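Worksheet: one structure, shown below.
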Amino acid sequence: MGSLGSSDGEKRLPVESVNTEAACALLASEQYGYVDVRMWEDFDRGHVAGARNVPYYLSVNPHGKERNLDFVDQVAALHSTHDRLIVGCRSGVRSRLATADLVAAGFTKVKNLEGGYLSLPKSVSYKQQAALANLH
């Protein structure tokens with residue numbers, strides 16, 4: 001578990017992270033939901049089955065990143081602060097920031113996916129779940 005704070009000197013908040021094998025086990029238990037914080041076009045290219053897409057950034061360009069100022073409210077419209085959630089992005093950096101924001105807003109059972117969506121296809125558990133899903 002690490003800490004992450006904002007750049008303006010706010011209190012540092014603990015962010016719990018899970019590796020891909022643990023994330024796959026939690027998702028397979030159906031006790032955890034998955035919040036994908038990538039932008040819509042990335043989500044549309046592929047995502048975890050059952051994932052809900054709430055982008056943390058609205059745009060990324062050479063001039064910077066435009067944060068989704070409604071991110072926490074949008075997640076709160078989909079999930080209770082007591083829901084069990086895994087938060088993922090492409091590589092794990094953005095989801096770590098998003099998880100910190102959710103913890104700061106009172107979400108109590110959120111975990112960051114280490115390595116993000118890119119790490120999932122390398123996971124044995126994810127490959128097994130995908131193979132099973134294709135059998136149905």
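Bear in mind that the values here come from a model prediction, so they are computed numbers and not experimental data.
- Annotation: side-chain hydrogen bond (donor to acceptor under 3.5 Å, both in side chains) contacts of T99 (sequence neighbours excluded): none.
- Every pair passing salt bridge (Lys or Arg N to Asp or Glu O under 4.0 Å) that includes a residue from residues 31-51 is listed here, sequence neighbours excluded: D36-R38, D42-R45.
- In the hydrophobic clustering, W40 connects to L58, either directly or through intervening members, whenever side-chain heavy atoms lie under 4.5 Å apart.
- T108 pairs by the side-chain contact (heavy atoms from CB on, under 4.5 Å) definition with H82, not counting sequence neighbours.
- Every residue two or more places apart in sequence or in another chain was checked for a salt bridge (Lys or Arg N to Asp or Glu O under 4.0 Å) with D73, and none qualifies.
- With sequence neighbours excluded, no residue forms a salt bridge (Lys or Arg N to Asp or Glu O under 4.0 Å) with K109.
- Judged as a side-chain hydrogen bond (donor to acceptor under 3.5 Å, both in side chains), and not counting sequence neighbours, the contacts of R67 are Y56, D101.
- Scanning for side-chain contact (heavy atoms from CB on, under 4.5 Å) contacts around S59 gives N61, E66, with sequence neighbours left out.
- For Q31, the side-chain hydrogen bond (donor to acceptor under 3.5 Å, both in side chains) partners are R84, not counting sequence neighbours.
- Shown here are the ring pair (Phe, Tyr, Trp, His ring centres under 6.0 Å) partners of Y32, two or more places apart in sequence or in another chain: there are none.
- Residues that satisfy the ring pair (Phe, Tyr, Trp, His ring centres under 6.0 Å) test with F43, not counting sequence neighbours, are H47.
- Taking D70 as the reference, nothing meets the side-chain hydrogen bond (donor to acceptor under 3.5 Å, both in side chains) condition, with sequence neighbours excluded.
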